[in-house]
Amino acid sequence: MSQTFALVDCNNFYASCERLFRPDLTTTPIVVLSNNDGCIVARSQEAKQLGIKMGTPLFKVKDLLAHHKVKVFSSNYTLYGDISQRVMQTLETLAPHIEIYSIDEAFLDLHGMQDAAAHGQTIRATVLKNVGVPVCVGIAPTKTLAKLANYAAKKYKATNGVVDLRNPQRQLKLMALTPVDEVWGIGRRLAKKLGYHGIHTALDLAQMNTRSARSRYSVVLERTIRELNGESCQPLEQVRAARQQIICSRSFGTKMTDKEEVRQAVCEFVSRAAEKLRRDRRLAGRAHVFIRTSPYYSNMATGTVLHPSDDTRDLLPLATELFDQIWKDGFRYAKAGVMLSDTCSPQALQQNLFSTPRNDALMATLDKVNNSGKGKIWFGSQRPRKDWFMTQENLSPAYTTRWKDLPVVR
DNA sequence: TCTGGGGTCCTAGGACCC
DNA sequence: TCTGGGGTCCTAGGACCC
């Protein structure tokens with residue numbers, strides 16, 4: 001019995017979330033900005049039609065946005081995370097097994113279902129009714145084909161948001177029409193390379209010899225080809241693996257030349273990363289610090305955490321040491337960041353003979369205060385001025401997760 | 001084209017071992 | 001010393017994804 005996957009993907013997710021609580025914006029073009037209000041990471045349908053591209057820096061299109069009265073939002077991850085949970089909870093009632101693939105996508109196990117296309121319509125209607133977010137559904141015997149089906153469901157209006165791609169004839173037809181870079185796993189680099197070898201459509205790729213794909217490219221490409229041919233190589237992953245690394249990095253609004261200032265920024269990143277680590281209930285075994293001045297100089301230093309830890313006081317001195325190793329005077333720094341890796345769970349960690357008992361209560365209190373919205377506690381080495389950190393000029397309220405931001409009905 | 005931030009997986013090459 | 005073969009582990013970097 002062959003498998004059947006459904007890929008459910010929210011339409012213009014962040015823009016749809018913002019619109020949910022602003023019915024006055026139903027027909028207004030909307031864009032959502034990245035963390036630092038740096039560039040555009042989501043657009044409503046109307047904004048897409050204005051030719052605004054994904055990833056465009058805000059300053060490049062400021063005039064265009066103003067001219068067309070586009071509503072601009074800073075990203076509000078608290079809101080998106082909460083709406084995402086509601087979507088996923090609804091999806092869990094619509095299939096025996098689901099894999100949450102990203103904040104706005106999930107694979108559903110529909111194997112053995114007679115009329116999967118009709119069920120696809122049920123999924124659309126139910127999510128729209130329960131949460132208010134429009135979704136599209138792609139159905140196929142492999143994840144890669146389900147992705148492709150979803151692409152078609154979004155692109156071709158006549159599909160009514162659901163494409164059932166279980167029929168091999170339909171698979172061939174769609175693949176012949178689809179540029180190879182729309183295939184899941186084929187990015188810009190690979191698409192260009194494949195183009196040199198005369199592979200332009202998804203069908204060209206599907207017909208490529210798997211053996212030569214493996215030797216000339218990689219096992220990943222081989223797997224993609226097999227999946228395009230209906231051979232499922234990627235099972236549904238119901239349990240999410242714990243994060244292996246945590247990154248906190250920022251581009252600076254204005255270039256930095258002062259060592260002390262950059263060092264303080266790095267310390268701030270360490271604190272943020274450690275906070276995420278504790279939220280995950282993980283310990284880090286390794287820390288990395290990197291700095292960059294656009295094209296000329298970039299460097300990274302890596303160090304081992306003596307005893308894997310989630311304590312900011314352990315990580316801060318190490319990061320400072322690493323920072324000193326890579327710092328060079330006389331450059332104008334554009335970006336810095338910290339990565340914590342080799343994470344493990346506290347249970348998995350063997351008790352070390354020399355490890356001192358950690359003061360978890362202090363870190364817990366610190367996190368509690370910093371997340372309360374009532375104030376911030378920081379270490380002396382951090383940079384208290386955060387003018388360069390998290391610019392959010394157009395933030396929407398946390399409608400669903402903060403009492404005072406609840407929408408009021410008049 | 002490097003513009004944002006946060007992730008994953010794979011591979012080539014070096015260090016080191018017998 | 002650079003001459004054989006075989007293996008493991010680690011790291012940096014490339015490619016992808018959302």
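Here is the naming used below: chain letters follow the sequence lines, and residue numbers restart at 1 for every chain.
- Of the residues Arg278(A), Glu275(A), Arg272(A), the one that meets the side chain to side chain donor-acceptor pair (under 3.5 Å) test with Thr312(A) is Arg278(A).
- Taking the six-membered ring where the residue is Trp, the centroids of Trp327(A) and Tyr333(A) are separated by under 6.0 Å.
- Ile246(A) comes within 4.0 angstrom of the backbone, heavy atoms only, and of no base.
- With contacts defined as side-chain heavy-atom distances shorter than 4.5 Å, the pair Phe73(A)/Ile30(A) qualifies.
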Donor-acceptor list for residues 180-195 of chain A side chains, cut-off 3.5 Å, not counting sequence neighbours:
none

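- Contacts of Arg214(A) with the nucleic acid, taken as non-hydrogen atoms under 4.0 Å apart, are absent.
- Leu33(A) comes within contact range of no nucleotide atom at all, as no heavy-atom separation falls under 4.0 Å.
- Taking the six-membered ring for Trp, Tyr77(A) and Tyr14(A) have ring centres closer than 6.0 Å.
- Comparing Pro57(A) and Ser218(A) along DNA chain B, the residue whose closest nucleotide (by nearest heavy atom) sits nearer the 5' end is Pro57(A).
- The backbone N or O of Tyr80(A) lies less than 3.5 Å from no partner atom in the side chain of Ser84(A), so there is not a single donor-acceptor pair.
- Using a 4.0 Å heavy-atom cutoff across all strands shown, Gln245(A) reaches at least one base atom of the nucleic acid.
- Annotation: of the two residues near DNA chain B, Arg189(A) and Val219(A), the 5′-most nearest-nucleotide partner is Arg189(A).
- A gap of 24 Å separates the P atoms of dG4(C) and dA12(B), to the nearest Å.
- Residue contacts for Lys193(A): at a heavy-atom cut-off of 4.0 Å it reaches no nucleic acid atom on any strand shown.
- Within 4.0 Å of Lys53(A), counting heavy atoms only, lies no atom of the nucleic acid at all.
- Heavy atoms of Val61(A) sit nowhere under 4.0 angstrom from any nucleic acid atom.
- Chain A approaches DNA chain C within less than 4.0 angstrom (heavy atoms of the protein), and the contacting nucleotides run 5' to 3' from dT11(C) to dC18(C).
- Residues meeting the salt bridge (charged side-chain N to carboxylate O under 4.0 Å, His left out) test with Lys173(A), sequence neighbours left out: none.
- Within 4.0 Å of Lys147(A), counting heavy atoms only, lie sugar-phosphate atoms of the nucleic acid but no base atom.
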